[in-house]
Amino acid sequence: MKSFKAIASGGSRSKPSYSRIIDRKDSSDDDYREGRSSTTTTTTREKKKLHDDKSSNMESMTRLMDLARPERHLLAFSAIFMAFSSAVSLAVPSFSGKIIDLSIGSNQKGDDEDEDEQSPFTLLLGLLGIMTLSGFFGFFRILWQAQAGHRLVARLRRHLYASIITQDKAFFDATPQGDLISRLASDADLVQSAVTDKALGLLRNVVVSVGAVGLLFYTSISLALISVAILPPIALAARMVGRRMRDRQKQVRELHASATSLVEQALTCITTVQQFVAEEFEVQQYNKAINEAHVQGIQNTKLQALFRSVMQLVVNLALLCVLGYGGMLVSQGQLTPGDLASFVMYSVMMGGNVSGISTMYIDLMKAIAAANRVFEIMDREPAIPASPMVLAAESSPEIELLMVPPTIEREATKSFDRRDTLKMDPFEDIELGDMSSSIIKKDPVPLSVNIENVTFSYPTRSDSKVLNGLNLSIGAGQVLAVVGGSGAGKSTIASLLTRLYDPDSGSIQMGTDQILDLDPQQVRHNVGIVVQEPLLFPTTIEANIRYGSPHATEEQVREAARLAFVLDFADKFPEGLQTVVGARGTQLSGGQKQRVAVARCILKNPPIVIFDEATSALDAESESQVQRAIDTACQGRTVIMIAHRLSTIRNADTIAVLRDGQVSELGSFDELMEKQAGAFRQLMEKQLVHE
Ligand SMILES: Nc1ncnc2c1ncn2[C@@H]1O[C@H](COP(=O)(O)OP(=O)(O)O)[C@@H](O)[C@H]1O
Ligand SMILES: [Mg+2]
């Protein structure tokens, strides 16, 4: 199957980096600035930009058409039916003219041989017939067009979402979530309307305009010349306005996206907002952002209104000329009143459809701005690639169930084994790896970890080195404690071990494999992690634990819950494991949340576990409960314990003290405590004072 991504991405497949996003941001700002100044000067740079615009417009159009390709049958039938109803509307004026002439009995030209065979009544009947037929076809046209549109937008969203969710962490560090959500929601809608409503509308306008112009010339050449004189200026104006509109619309969409981001940020931190009485501030921020978008939107509407009303005026003026000159022709007997009437109707029709073309063109330009925002994400190849399985899900609706988080899946497939879906889908040969192998009882083989000479800086802060020649190794099944001041880079190590980021240089080995050679998803299956503030999904405790292994049986989930002492508190709730935990787990206490996170990790059953200050945020009592859960989770695995509490560190096989992005001391607890002026001893002394 040709992957959608390949179609959608068109030309460039060069591996984008974080800096490419930044470049894009810069260039969009440039566009904006240039857009604003282009009225005053025309520099070479702008000329070049116009040329680029042309080719990128063409590129976007081609891609839009590619998007609609699977719906081509529906769209083609719609188009045929539309052509039919357009033909009907073209026939109406000519019929009307004839009926008028027949009714008033005037035949000033004296050359109509059919006159005797046709009565106004038969003509009226004929007209009624084709009008009814046209209405009937219209129903199917509208239905099919809408169907094509719905299918297209659903497919677009599916692929876009898969592209979003498979991006690397650096991308999410740099891109506000609200921006992504607005691309998924409103931009996708605009793209859909461009490919269906607008494209077909444009087709209709073109067909009717061409037909009307032809019939104008057929009726009277000299009159027709007056009518079509308005076309060139309208086309020119539409082009100019359309291009400006696209640039401006891009900016409006970006402003809307940043307003959405503000909402998303405030809602994520709603407790903080409330406790700091910041509602008014947040509302003001939002109002400001919305106002900017609003002001820009009004500007665009003004431009559009001006364009449309001037165009209407031009069309009407042409009509006046036609009426004046046509009246003269009628009085001279060169034209029948019926002919003049149908001529005027064709003129009105042509005017309406030509201005329709220009409006549609402008709308299409607006949609291209939105489409480009969608394509931008779909084209981006994550620096750390997604596994073949995720990509397969992206191009196959059948496999989608597999990728649905357990929260949703649980509802959808209660009595439904997901492995059955696998058998039915065309991607049977895809390795599910550890996803299907998590049976708690089956012990994983612990893996050694070897970090060699790793340097790393975060893509968003490339000039500050977080790790600087880090060397660290942990034998299989050993416990390594990592200590160090806040910001020393402890959590960064956990991120590198789960391939959220890749090191700038140096190597990380897991067992016998370099992790860069492994599928990132495989690496992540190898590592279970519990962080200081675990985030839970706003669903049940059970679903949250199941996230560790979607295929787990109910007993396995319950067993994991028991091992992590989740049952100790969950069984006291009336709903037990089915208790809903609220947004990000806020309906549980810190210690309870932490135990759910540990249970999730136990169910995942990875050979390596990392506890990143997992008990730091807890009071002494919850800490000891969580610690017991952690002890269970550590059994038979390689353990990296990022901690500062003496109690957690004491039992480690090795302790590494992190400082300036390197290991400054390494040894057992006793060895390190012996060093009188050692960094570890100092840290511990400080710690002991606190405890
Ligand atoms: N996603 C990120 N983007 C940029 N800088 C980060 C990111 N995460 C952490 N940092 C920075 O990297 C340094 C190390 O952070 P971290 O590894 O979280 O420290 P800690 O040892 O406290 O866990 C800090 O200076 C922090 O500000
Ligand atoms: Mg940390």
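When a ligand or atom number is given, it counts from 1 through the structure's own listing order. In this text, all values refer to a predicted model and were calculated from it rather than measured experimentally.
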Undergrad: Taking NZ, NE, NH1 and NH2 as the nitrogens, is one of them in Glu613 or Lys490 under 4.0 Å from a carboxylate oxygen of the other?
TA: yes
Undergrad: Restricting to salt bridge (charged side-chain N to carboxylate O under 4.0 Å, His left out), what partner residues turn up for Asp179, sequence neighbours left out?
TA: Arg183, Arg373
Undergrad: Write none if no such pair exists; otherwise list each N/O atom of ligand 1 with its protein N/O partner under 3.5 Å and the distance.
TA:
| from | atom 1 | to | atom 2 | distance (Å) |
| --- | --- | --- | --- | --- |
| ligand 1 | 1 (N) | Asp173 | OD2 | 3.3 |
| ligand 1 | 1 (N) | Tyr501 | OH | 3.4 |
| ligand 1 | 3 (N) | Thr460 | OG1 | 3.4 |
| ligand 1 | 5 (N) | Arg461 | NH1 | 3.3 |
| ligand 1 | 8 (N) | Tyr458 | OH | 3.4 |
| ligand 1 | 17 (O) | Ser491 | N | 3.4 |
| ligand 1 | 17 (O) | Thr492 | N | 2.9 |
| ligand 1 | 17 (O) | Thr492 | OG1 | 2.5 |
| ligand 1 | 19 (O) | Gly489 | N | 3.4 |
| ligand 1 | 21 (O) | Ala488 | N | 3.1 |
| ligand 1 | 21 (O) | Gly489 | N | 2.9 |
| ligand 1 | 21 (O) | Lys490 | N | 2.8 |
| ligand 1 | 21 (O) | Lys490 | NZ | 3.0 |
| ligand 1 | 22 (O) | Gly487 | N | 2.7 |
| ligand 1 | 23 (O) | Ser491 | N | 2.9 |
| ligand 1 | 23 (O) | Ser491 | OG | 2.7 |
| ligand 1 | 27 (O) | Arg461 | NH1 | 3.2 |

Undergrad: Do Gln625 and Asp568 come within less than 4.5 Å of each other through their side chains, counting heavy atoms only?
TA: no
Undergrad: Walk me through whether Ser464 and Ser457 qualify under side chain to side chain donor-acceptor pair (under 3.5 Å).
TA: CA-CA 6 Å; Ser464 97; Ser457 47; over 6 Å; no
Undergrad: As a quick check of understanding, evaluate salt bridge (Lys or Arg N to Asp or Glu O under 4.0 Å) for Glu292 and Lys288, giving each step before the final call.
TA: CA-CA 6 Å; Glu292 275 178 48; Lys288 220 172 96 188; 5.7 Å; no
Undergrad: Which protein N, O or S atoms lie under 2.8 Å from the Mg ion (ligand 2)?
TA: Ser491 OG
Undergrad: Before accepting this row, confirm whether a basic side-chain N of the pair Arg380/Glu376 lies closer than 4.0 Å to the acidic partner's carboxylate O.
TA: no
Undergrad: Do we see a donor-acceptor contact under 3.5 Å between the side chains of Tyr286 and Asn291?
TA: no
Undergrad: Could you list the residues that satisfy salt bridge (charged side-chain N to carboxylate O under 4.0 Å, His left out) with Arg650, not counting sequence neighbours?
TA: none
Undergrad: Phe669 and Ile655: which non-hydrogen atoms are nearest, and at how many Å?
TA: CA-CD1, 3.5 Å
